[in-house]
Amino acid sequence: CLAPFTRFYTNYLWYDSHQYASVFWTRFFVQAGLFISFSVLSCLIYWVNWKKAWKNGSHRMVTPEGNIAQATRFGPLVFAIPLAFINGFAAQANWEPFLRYLYLVPFGSTDYIFKNDLSFYVFSLPFWRFILDWVNGILWTSLIGCLVIYRLTRGVVFEGGRFEINSSARTHFTCILSAMLLSFGVGFWLDRYSLLFSSNGVVFGAGYTDIKVLLPAITLLAFTALFGVILLCANLAKPMWKISLVIMIGLGAISIASKS
């Protein structure tokens, strides 16, 4: 139990012995701030989504003693808190990208493809990657939690080989899936800049194939994801789930394959 405190105090003594106590406290407060802010935000997102899922489906799950939702109304929060802490610990581990972005300094030179200042690739790109990974984790966890809750409360039903989903659950899933597709699109857009770090060619950096083939393809995927968001939102007025799911699954598969 004392190991974390011992390590903390030892680190402080080392920094202080080299006259860098201010650096130690800067890192400490940044990590603490990231942990608290991302934990609270994660918990809020989980709780709002899962509470809404329970509310949308609970009226279909009634026992002889009454509505089961009354006895378990704090259930979503019970699961949201520990998962939020996990997100908070993951966020505090990324204190370096946060500080680099916070104290960004332009280099005064630009790359030849995107015309961005080179500081963007050192300070900004890693930070936005961290934010995007966090958002993806939040959305996937929220989606899985909502699926479980809707299944338990019969908001989503599989019976007789048929798939049924009530209107409230459909609207809720549309919002989450739209956010996920938008996240995919942002990820593809950031992947364009990562081509400058390509190691596929003879030399390190973007080669002919990266610029002439991969760059247009990734850009097209980004706009396809945006089109998928529009299509999913259109489902609220006119159901087009089959086309939307095909786009969603296809982009998800491509995104996973591109990371492997």
Output field: ring centroids Tyr20/Tyr15 closer than 6.0 Å: no

Mutual orientation of the aromatic rings belonging to Phe197 and Tyr121 [parallel < 30°, tilted 30-60°, perpendicular > 60°]: perpendicular

Closest approach of Asp111 to Leu118 (non-hydrogen atoms, all atoms of both residues): N-CD2, 3.8 Å

Donor-acceptor under 3.5 Å (Asn49 side chain, Ile45 main chain): yes

N/O donor-acceptor pair under 3.5 Å between Trp50 side chain and Ser142 backbone: yes

Reported CG-to-CD1 distance for the pair Leu181 and Ile176, which is rounded to 0.5 angstrom: 12.5 Å

With Ser119, the side-chain contact (heavy atoms from CB on, under 4.5 Å) member among Asp117, Val122, Asn116: Asp117

Salt-bridge contact Arg129-Asp191 (side-chain N to carboxylate O under 4.0 Å): yes

Sub-6.0 Å ring centroid separation between Trp25 and Phe28: yes

Interatomic distance, Arg100 atom CZ to Leu125 atom CG [nearest 0.5 angstrom]: 10.5 Å

Student check: side-chain heavy atoms of Phe38 and Gln92 closer than 4.5 Å: no

Asp210 CG to Ser194 OG distance, which is reported to the nearest 0.5 Å: 11.0 Å

Aromatic plane relationship, Phe120 with Tyr193 - under 30° parallel, 30 to 60° tilted, over 60° perpendicular: perpendicular

Trace of the side chain to side chain contact (heavy atoms under 4.5 Å, CB included) decision for Asn87 with Ser39: CA-CA 6 Å; Asn87 280 277; Ser39 293; 6.0 Å; no

Inter-residue atom distance Asn94.CG - Tyr101.OH, 0.5 Å rounding: 15.0 Å

Nearest-0.5 Å distance, SG of residue Cys146 to CH2 of residue Trp54: 12.5 Å

